[in-house]
Amino acid sequence: MMLDRVLPLLIEQLAAQYPVGAGRIQGGWGYVWASYGITWGAFAVYSLSLWLRRAHPPMPEEHQ
Amino acid sequence: MAQRTRQGLFALAVAMLAIGAWLGLSWAPPDREMGDVQRIMYVHVPSMWMALLAMTLNFACSIGYLLKKSWAFDSLAEASAEVGMLFGAVGLALGSIWARPTWGVWWTWDPRLTTAAILLVAYAGYLALRRFVEDPERRAVWAAVTGIVAFVDVPLIWYSVQWWRSIHQIQSSPKTVDPQMVLTLRWNTFAFLALGIFFIWSRYRVAQSERRHELAAPPTLPSAPQGLTASGVRL
């Protein structure tokens, strides 16, 4: 019962001491661009590979 | 008609990816602790989800082939494994990039990361097996069995963060995430889904074409009935 009243006060004090964002990672856009670049690059290369391997209709002699 | 639908699906996926990139890179707010680095989530998470979805499709098609002996199931299993590998490899690479600024390392043998790496190794083996076995029917059976065994890893990946102590976060709830982040993640997930369907559909057509060429009856032998191979497997 006592803990129910003390705990929120404790959390409130800690939150005031360490405001939101105090430990935020700064920058890092290089990692973000690398990730999006790898994603788009991989999709583009795979799309190209599918296009190069695309199904062709059978040649006329294969019907014989 | 099917060709136009497929092209339309590709155009839709590309447009959705472009909007998804804008949402992820600009519109969604930075994370409270990870800042802008968290924007990697909008491509990492959909990639891994699509990988798991594709492997689940491979599992279903593997069972389907063993039950029905249909080449359509075999071709779809091959297509889904290859596309699943693509998404899995992208997802794992992005996870590694995201780990560097947040965990301080490119890689750690955490249960989630390890099971994801096992997935790629297992399906690389599956695709290699398909290359090594020349007889189409033997290859289809062996691949189906391998696909079923390899699928064991999929639920392990999903539950690894709940069953074992993991540095990777557990599945989060939309209730605890900023609505803009939820919308961005959902949008990108549907964009990846559209692209995944297009990839699997296109790869399935390639695989079916290869099967037809492989199974074409030699001219000196009597032709098999329309749509059937000599041993009765349906095309």
Side-chain angles (χ1 to χ4, degrees), chain A, chain B residues 3 6 10 13-14 17-18 20-21 24-25 30-44 46-47 79 82-83 85-87 89-91 93-102 188 191-192 195-196 198-210 212-213 216 219 223:
Chain A
M1 211 46 200
M2 180 75 173
L3 197 68
D4 286 351
R5 276 185 287 173
V6 171
L7 205 59
L9 288 172
L10 199 65
I11 291 169
E12 201 174 310
Q13 273 195 336
L14 281 171
Q17 215 172 339
Y18 302 103
V20 168
R24 179 181 288 185
I25 295 170
Q26 300 297 313
W29 274 102
Y31 295 107
V32 178
W33 283 114
S35 299
Y36 280 72
I38 286 170
T39 307
W40 295 332
F43 291 165
V45 168
Y46 190 70
S47 300
L48 181 67
S49 89
L50 284 176
W51 185 75
L52 292 173
R53 292 183 288 171
R54 68 193 180 279
H56 291 287
M59 300 295 282
E61 61 266 27
E62 287 174 329
H63 289 299
Q64 290 171 2
Chain B
Q3 176 80 353
R6 216 158 44 85
F10 181 66
V14 169
L17 277 176
L25 292 169
D31 181 72
R32 191 177 66 178
E33 288 164 0
M34 286 187 275
D36 290 312
V37 169
Q38 177 268 342
R39 296 178 190 282
I40 296 171
M41 179 185 79
Y42 305 119
V43 278
H44 165 69
S47 281
E82 189 176 292
V83 174
M85 274 289 288
L86 169 77
F87 281 113
V90 168
L94 303 193
S96 178
I97 292 171
W98 195 2
R100 184 68 184 87
T102 50
N188 276 290
F192 277 53
L195 193 68
F198 168 77
F199 281 162
I200 291 175
W201 191 353
S202 304
R203 185 63 185 82
Y204 166 78
R205 282 166 52 89
V206 173
Q208 277 290 73
S209 173
E210 287 170 354
R212 279 193 204 97
H213 282 89
S223 298

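Letters A, B, ... are given to chains in the order of the sequence lines, protein chains preceding strands, and every chain is numbered from 1. For clarity, every value in this text was computed on a predicted model and none was experimentally measured.
- Interface residue S47(A): backbone and side-chain heavy atoms are both found under 4.5 Å from chain B.
- Contact of L86(B) with chain A is made through the side chain alone, with heavy-atom distances under 4.5 Å.
- In terms of heavy-atom pairs under 4.5 angstrom with chain B, the leader among I25(A), V32(A), L50(A), T39(A) is I25(A).
- Contact of the Y36(A) side chain with the L17(B) side chain is not registered, since no non-hydrogen atoms from C-beta on lie closer than 4.5 Å.
- Of the listed residues (E210(B), M34(B), Q38(B)), the one with the most heavy-atom contacts under 4.5 Å to chain A is M34(B).
- Highest contact tally toward chain B, considering only W40(A), W51(A), Y31(A), is held by Y31(A) [criterion: heavy-atom pairs under 4.5 Å].
- Taking the six-membered ring for Trp and the full ring otherwise, F192(B) and F43(A) have centroids separated by under 6.0 Å.
- Side chains of R205(B) and R54(A) form no contact here, defined as non-hydrogen atoms less than 4.5 Å apart.
- Interface residue L25(B): backbone and side-chain heavy atoms are both found under 4.5 Å from chain A.
- Going from atom CE of M41(B) over to atom OG of S35(A) covers 13.0 Å, rounded to the nearest 0.5 Å.
- Heavy atoms of V90(B) lying under 4.5 Å from chain A belong exclusively to its side chain.
- Counting heavy-atom pairs closer than 4.5 Å to chain A, the top-ranked of the candidates V14(B), T102(B), V37(B) is V37(B).
- The salt bridge (charged side-chain N to carboxylate O under 4.0 Å, His left out) test applied to D36(B) returns R39(B), not counting sequence neighbours.
- Around CD of Q3(B), the count of heavy atoms belonging to other residues, nucleotides or ligands within 6.0 Å exceeds 12.
- Only the side chain of W33(A) has a heavy atom closer than 4.5 Å to any heavy atom of chain B.
- For R24(A) against R32(B), the heavy-atom pair with the smallest separation is NE-O, 3.2 Å.
- Between Y46(A) and V83(B), the closest side-chain pair of non-hydrogen atoms falls below 4.5 Å.
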